Undergrad: 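Here you go, one structure.
Just so it is clear, the structure is predicted and the values come from calculations on it, not from any experiment. A note on names: the letters A, B, ... follow the listed sequences, proteins ahead of strands, and every chain is numbered from 1.
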Amino acid sequence: MITMSDVFENVMELAKRRGFIWPTSECYGAVAGFIDYGPLGAMMKRRIENIWRDFYVIREGYYEIECPTIAQEAVFIASGHVAGFADKMCQCPHCREFLRADHVAEGGGVKNASTMKNEELALALAGCKCLACEEVLGKVEVFGFNLMFKTSIGPDSQRVGYLRPETAQGMFVDFSRLLRFYRDKLPFGAVQIGKSYRNEISPRQGMIRLREFTQAEAEIFVHPDEKNKHPRFHRYADYRMPLLTFGQQQKCEEAVSLSMREAVDKGVIANEYLAYYVALTHEMLVSIGIKPERLRFRQHLPDERAHYATDCWDAEILSDRFGWVETVGLADRTNYDLNAHAKESGTPMTVFIQYAEPKKVPRRRIIPNMGVLGKQYRNKAKAIFEALGNSTPTADGADVVIDGEKIHIPADLFEVRDEVVDIRGEDIVPHVIEPSYGIDRMCYAVLEQAYDEDEADGEKRTVMRFSPKVAPVQVAVFPLMTRDGLDTIADEITRKLHKAGILAEYDDSGAIGRRYRRQDEIGTPFAVTVDYDTKENNTVTLRDRDSMKQVRIAIDKLPETLAALVEGTKTFGELG
RNA sequence: GCGCCGAUAGUGUAGUGGUUAUCACUAGGCGUUGCCAACGCCUAAACCCGGGUUCGAGUCCCGGUCGGCGCACCA
């Protein structure tokens, strides 16, 4: 039996040994917070990313885009990351501990510490005690520590750039192009799978907290009044899962199981859109092999939310080692980001929503006779033109104030035109629903949950019970003996499977049992063995990793059978 | 960043300042082998990095890196 604490060590040892995960640039000494995916790990990660694409790109119809991982400073000034992603830090002169300056100050009774400037805060800190060694700090320097990696663009180093701390901003800054691509209609979405970077102070926990990590994010732009009208909500209306609201967390209660319909109706989840992607996330995670009993959805506590989000739910996966690990964040980012970029860039980020019926709106226009007014007032004429438009004329004319001077414009120098105009629609700023997946954490969870040990013929067998969909190698092909032409036949079968797009690995080294075990350890779900009967009747044995059972199958049927098994449209048990 | 602990072949390990650094598994080659880590022979493979103490350092000391745990940090 494997004990709980062993799993992490066993699985990481296996992952290192068999080429899933390596410390980065080991020959120079690894760097904390960075990992290399080895041959099998990179393949598995691709498969997980592609399942994600199946859900979001193919099924939801949200196309993938690809933006640079470096963006100019303005992008992150607008997003709030330059200001908001930085912590004010100070170092204790006695014990050299780095401390959050605002926390220390507030602990010492200083009010409004979080809004103070660095110099101000440094003065306020002089009388406060260090949280670590409890000495009075005295003279300290307060500095900002920003979690973004800073760099410069171009040879003159004038232009500041940052490595993106999330992929999301790329979708926001491309909003106008995306809106046009989707032919000016809501809802629409864009997704991105790529690297993001955060210069964590002290990254640990292996693949769980990285300085460079892969995110898969979707930004779904919706009309703010239609967040409860997801067009495909019926798909998940009856989908049930455990939900842990912030109310329950405060009362230390267990998660309750609700359908998405109930969750929205009871106000547990803010709206249909959020609930839809909560359910989709559940389905997606289960499909890559996460056990439902190790999956829960937890609502963020109000003080835990990011600077932009209103309602926010995390998909958390239970790890033997790390407890509940936040793996997917589902946030309603409202119109925060689009407003911020519109303001910073000066580009409107709105959608024109046409009314079903044009609204009849009375409008008064005041049209001055500029031929006369221009000559009469010369350089004041322009100001008068504008002031007149906003004035309320009476029967004998209008009074306007220009540079403090009151000027009377007689009624015959302008025309008042009252008309009724059609307002056909309005410009609105869409709200954004954002599911954001931590791919590396998903990979870790898949590895940890796949790890298993059982007994075969009295010997310990280590087996990675990957879903066939994510297993790096899909099928192994063995000749029973490396003679009598069995190896040639096995080699032909391998090539035939490659042609069908199946990743098959040929192996003729060592005893047959050893070869099965090697494949079990890297989680290859199926193995084909060519034996002497193959020469008689063109059949081979097909072995199932988990049950170790075998069935005979015609060589001709192999490609389609394996494709179905890998896809999950057929199970091994159904082969008879 | 702080404190405590650790780092030896691919993996897991032994090693109380003094031989050619132990053992097992793994891997590669040859032979053998008729379906679940069989066997024989052969081969490859390691003291984290940099200083210091010493006639002599894998071993002791200092610094660094990485990893684990606790604290702090974790939009």
Undergrad: Between C60(B) and U53(B), how far is it from one C1' atom to the other, in whole Å?
TA: 8 Å
Undergrad: Just how far, in rounded Å, is C1' of C74(B) from CZ of Arg441(A)?
TA: 9 Å
Undergrad: Can you list the residues that meet the salt bridge (charged side-chain N to carboxylate O under 4.0 Å, His left out) rule with Arg296(A), with sequence neighbours excluded?
TA: Glu316(A)
Undergrad: Does a side-chain N or O from Arg209(A) land closer than 4.0 Å to OP1 or OP2 of C73(B), or not?
TA: no
Undergrad: P atom, C23(B) versus U43(B): distance in rounded Å?
TA: 14 Å
Undergrad: Taking atom C1' of C73(B) as reference, at what distance in whole Å does atom CG of Leu147(A) sit?
TA: 9 Å
Undergrad: Can you check the Asp507(A) CG to G28(B) C1' distance for me, whole Å?
TA: 13 Å
Undergrad: Measure from CG on Leu301(A) to P on A75(B) and round the result to the nearest Å.
TA: 13 Å
Undergrad: Is the shortest distance from a Lys or Arg side-chain nitrogen in Asp556(A) or Lys496(A) to a carboxylate oxygen in the other one below 4.0 Å?
TA: yes
Undergrad: If you measure from the C1' atom in G28(B) to the same atom in G18(B), how many Å do you get, rounded?
TA: 36 Å
Undergrad: Among residues 486-496 of chain A, which contact RNA chain B at a heavy-atom distance under 4.0 Å?
TA: none
Undergrad: What is the separation between atom CG on Asp484(A) and atom P on U33(B), rounded to the nearest whole Å?
TA: 11 Å
Undergrad: Show each protein N/O and nucleotides 64-70 of chain B N/O combination with a separation under 3.5 Å, one pair to a line.
TA:
residue : atom : partner   : partner atom : Å
U65(B)  : O2'  : Ala30(A)  : O            : 3.4
C66(B)  : OP1  : Ala32(A)  : N            : 3.2
G68(B)  : O3'  : Arg321(A) : NH2          : 3.0
C69(B)  : OP1  : Arg321(A) : NE           : 3.3
C69(B)  : N4   : Arg204(A) : NH1          : 3.3
C69(B)  : N4   : Arg204(A) : NH2          : 3.3
G70(B)  : O6   : Arg204(A) : NH2          : 2.4

Undergrad: For the side chain of Tyr516(A), counting heavy atoms from C-beta on, which of C35(B), G34(B), C73(B) is nearest?
TA: C35(B)
Undergrad: Could you pull out all residues at least two apart from Lys557(A) that satisfy side chain to side chain donor-acceptor pair (under 3.5 Å)?
TA: none
Undergrad: Identify, with sequence neighbours excluded, every residue that meets side chain to side chain donor-acceptor pair (under 3.5 Å) alongside Arg465(A).
TA: Asp452(A), Asp454(A), Asp546(A)
Undergrad: Donor-acceptor pair, Glu434(A) side chain versus Ala168(A) backbone, under 3.5 Å?
TA: no
Undergrad: Please name all residues satisfying side chain to side chain donor-acceptor pair (under 3.5 Å) with Arg441(A), sequence neighbours left out, ordered by chain then number.
TA: none
Undergrad: How many Å lie between CD on Glu166(A) and P on A75(B), as a whole number?
TA: 12 Å
Undergrad: In this structure, which one of Arg515(A), Gln519(A), Arg514(A), Arg518(A) forms a side chain to side chain donor-acceptor pair (under 3.5 Å) with Asp507(A)?
TA: Arg518(A)
Undergrad: Report the distance from atom CG of Leu562(A) to atom CG of Leu497(A), rounding to the nearest 0.5 Å.
TA: 6.0 Å
Undergrad: Between A14(B) and A46(B), how many Å separate the two C1' atoms, rounded to a whole number?
TA: 13 Å
Undergrad: When only distance counts, do a donor and an acceptor, one from the side chain of Thr541(A) and one from the base of C35(B), lie under 3.5 Å apart?
TA: yes
Undergrad: What pairs with Ile77(A) under side chain to side chain contact (heavy atoms under 4.5 Å, CB included), at least two apart in sequence or on another chain?
TA: Glu73(A), Val82(A), Glu344(A)
Undergrad: So does Ser202(A) get a side-chain nitrogen or oxygen closer than 4.0 Å to the phosphate oxygens (OP1/OP2) of C74(B)?
TA: no
Undergrad: Under 4.0 Å between a Lys/Arg side-chain N and an Asp/Glu carboxylate O for Arg552(A) and Glu536(A)?
TA: no
Undergrad: When the C1' atoms of A7(B) and C39(B) are considered, how many whole Å apart are they?
TA: 37 Å
Undergrad: To the side chain of Met548(A), which of U33(B), C36(B), G28(B) is closest?
TA: C36(B)
Undergrad: Between Ser509(A) and Thr529(A), which residue's closest nucleotide on RNA chain B lies nearer the 5′ terminus?
TA: Ser509(A)
Undergrad: Can you list the stems that RNA chain B is part of, where a stem is at least 3 pairs in a row, each Watson-Crick or G-U, with both distances below 3.5 Å?
TA: B:1-7 with B:65-71, B:10-12 with B:23-25, B:27-31 with B:39-43, B:48-52 with B:60-64
Undergrad: CG/Leu480(A) to CD1/Ile489(A) distance, rounded to the nearest 0.5 angstrom?
TA: 11.5 Å
Undergrad: Does the C74(B) base have a donor-acceptor partner in the side chain of Glu200(A) within less than 3.5 Å?
TA: no
Undergrad: Which is true for Leu480(A) with a 4.0 Å heavy-atom rule: it touches a base, it touches only sugar-phosphate, or it touches nothing?
TA: base
Undergrad: ring-ring contact (aromatic ring centres under 6.0 Å, His included) with Tyr162(A): which residues, sequence neighbours excluded?
TA: none
Undergrad: What string of B, S and - do you get for nucleotides 37-52 of chain B 5' to 3' if you count protein non-hydrogen atoms under 4.0 Å?
TA: BB--------------
Undergrad: Taking Arg517(A)'s backbone N and O only, do any of them form a donor-acceptor pair with Arg461(A)'s side chain (distance below 3.5 Å, no angle check)?
TA: no
Undergrad: Without decimals, in angstroms, what is the distance between Met481(A) CE and C36(B) C1'?
TA: 12 Å
Undergrad: What's the closest nucleotide to the side chain of Arg483(A) if the choices are A75(B), U33(B), C36(B)?
TA: U33(B)
Undergrad: So does Lys195(A) pair up with Asp440(A), basic N to acidic O under 4.0 Å?
TA: no
Undergrad: If you look at every heavy atom in Gln72(A) and Ile153(A), which pair is closest and at what distance?
TA: CA-CD1, 4.4 Å
Undergrad: Within this structure, what is the NZ-CG distance for the pair Lys227(A) and Leu274(A), rounded to the nearest 0.5 Å?
TA: 8.5 Å
Undergrad: Which whole number of Å gives the distance between the P atom of C71(B) and that of C49(B)?
TA: 33 Å
Undergrad: Let me know the distance between CZ of Arg164(A) and C1' of A75(B), rounded to the nearest Å.
TA: 16 Å
Undergrad: Does some side-chain heavy atom of Phe149(A) sit less than 4.5 Å from a side-chain heavy atom of Glu212(A)?
TA: no
Undergrad: For Arg17(A), check salt bridge (charged side-chain N to carboxylate O under 4.0 Å, His left out) against everything at least two apart and list the hits.
TA: Glu13(A), Glu521(A)
Undergrad: Is it the case that the side chain of Asp36(A) and the backbone of Gly38(A) share a donor-acceptor pair, with hydrogens and angles ignored and the cut-off at 3.5 Å?
TA: no
Undergrad: Looking only at N and O atoms, is any donor in the side chain of Arg543(A) or the base of C36(B) less than 3.5 Å from an acceptor on the other one?
TA: yes
Undergrad: Determine the interatomic distance between P on A9(B) and the same-named atom on A72(B); round to the nearest Å.
TA: 35 Å
Undergrad: So which protein nitrogen or oxygen atoms get under 3.5 Å of nucleotides 9-14 of chain B's nitrogens or oxygens?
TA:
residue : atom : partner  : partner atom : Å
U11(B)  : O2'  : Glu13(A) : OE2          : 2.7

Undergrad: Determine the Euclidean distance between corresponding P atoms of C47(B) and A57(B); express it in Å to zero decimal places.
TA: 16 Å
